Amino acid sequence: SSPHRLRPICSHERRTARSTSNLMGATIWRSILLRKQKRPQRQKRRNCRRNASSGHGIKAMDEPARCSWPTASATYLEYHDHEWGRPTTGEHRLFEKICLEGFQSGLSWLTILLKRPRFREVFTDFDYRAVAEFGSDDVERLLLDAGIVRHRGKIEATINNAQRAIELVETEGSLVDWVWEWAVAEPERTNEGGVPTQTVRSAALAKELKRRGWKFFGPTTAYAFMQSEALTNDHDATCFVHQACQDERQAFLAGRTLRP
């Protein structure tokens with residue numbers, strides 16, 4: 001039977017109809033009540049469609065299983081699905097990751113992602129050799145740019161770190177290869193089995209970069225960078241990209257010697 005067919009008129013409705021000397025009136029009244037009951041459901045469906053088209057709100061039923069941290073923002077989901085936990089082969093993109101992790105300190109990562117296009121514009125696509133030439137005028141210019149995070153210490157640290165990156169490449173040969181010496185064979189976990197915010201490895205990486213003169217790159221920032229760069233695989237075991245990221249990571253690790 002049709003789900004929209006009216007049920008038989010009850011005795012209360014019949015009495016209401018008799019009181020108005022119009023049996024058809026009860027049928028009309030019941031139809032109006034039914035439409036009122038359906039109105040919130042129709043509004044809910046419209047809201048769901050609106051949220052889905054804007055990339056916010058309730059996830060569709062066919063959405064794949066993901067890690068728990070990304071929100072329903074389309075930008076965040078795109079980053080989780082295609083970038084986070086995957087190796088970076090280009091030194092400029094790797095330098096970008098280091099810098100943006102520093103800029104993220106105290107802010108949400110989504111804020112950084114939304115500002116990333118402008119960051120790339122004003123920092124010459126994170127070509128560290130170009131950024132190393134920035135001077136005090138560039139710092140003042142960047143402090144006036146609302147499209148980025150206007151924090152003097154972080155801006156100056158980015159310029160400083162670009163200069164230190166040049167020194168590291170001169171002594172070590174490759175920024176990418178040097179960074180990947182800090183990868184771990186297996187992800188570290190807390191005593192409770194959770195994902196840590198920093199580890200002995202990330203503390204050692206931060207300490208070594210500090211010794212080399214890098215700034216705004218402490219143990220917590222270092223671990224966030226390690227997660228992003230796939231130096232560890234912290235995607236949930238149930239996440240639909242976990243195995244793909246693990247495969248990419250293992251392929252990138254092949255033939256490399258890790259630090260003890």
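Quick caveat: nothing in here was measured; it's all calculated off a predicted structure. Keep in mind that the numbers below use all heavy atoms, side chains included, and drop hydrogens, waters and symmetry copies.
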* Cation-aromatic face contact Arg118/Phe123, 6.0 Å, 45 degrees -> no
* **Nearest-0.5 Å distance that lies between atom CD in Glu248 and atom OG1 in Thr89** => 10.5 Å
Give the table of side-chain donor-acceptor pairs shorter than 3.5 Å for residues 94-107, with sequence neighbours excluded, one pair per line with atom names and distance.
from, atom 1, to, atom 2, distance (Å)
Glu96, OE1, Arg93, NH1, 2.9
Glu96, OE1, Arg120, NE, 2.8
Glu96, OE2, Arg120, NH2, 3.0
Lys97, NZ, Arg86, O, 3.4
Lys97, NZ, Thr88, OG1, 2.9
Lys97, NZ, Ser228, O, 3.1
Lys97, NZ, Glu229, OE1, 3.1
Gln104, NE2, Leu107, O, 2.5

* Under 3.5 Å: donor-acceptor pair, side chain of Arg201, backbone of Trp182 -> yes
* Asked: Charged N to carboxylate O below 4.0 Å: is that the case for Arg256 and Asp177?
  -> yes
* Show your working on salt bridge (charged side-chain N to carboxylate O under 4.0 Å, His left out) between Arg66 and Asp236 and close with a plain yes or no. => CA-CA 7 Å; Arg66 289 186 175 91; Asp236 293 347; over 6 Å; no
* **Centroid-centroid distance, Trp109 to Tyr76, less than 6.0 Å** => no
* To do: Would you mind telling me which of Asp137, Leu144, Leu143 makes a side chain to side chain contact (heavy atoms under 4.5 Å, CB included) with Glu140?
  => Leu143
* **Note: Glu83-Arg116 ion pair, threshold 4.0 Å (strictly below)** => yes
* To do: Locate the shortest heavy-atom distance separating Val184 from Leu258; write the atom from each residue and the value.
  => C-CD1, 4.2 Å
* **Tyr128 and Glu91 side chains, donor-acceptor separation under 3.5 Å** => yes
* State whether a side-chain donor-acceptor pair under 3.5 Å links Asp247 with Gln243. => yes
* Keeping to residues at least two apart or across chains, list the ring-ring contact (aromatic ring centres under 6.0 Å, His included) pairs with something in residues 234-260. => His80-His235, Trp84-His235, Trp180-Phe252
Using distance only, find each side-chain donor-acceptor pair of residues 214-227 under 3.5 Å and give its atom names and separation, not counting sequence neighbours.
from, atom 1, to, atom 2, distance (Å)
Thr220, OG1, Gln198, NE2, 3.3
Tyr223, OH, Asp234, OD2, 2.6
Gln227, NE2, Asp234, OD2, 2.8

* **Side-chain ion pair, Glu192 and Arg189, N-O less than 4.0 Å** => no
* **Test applied, side chain to side chain donor-acceptor pair (under 3.5 Å); reference residue, Asn160; option that passes from Gln163, Arg164, Glu156** => Arg164
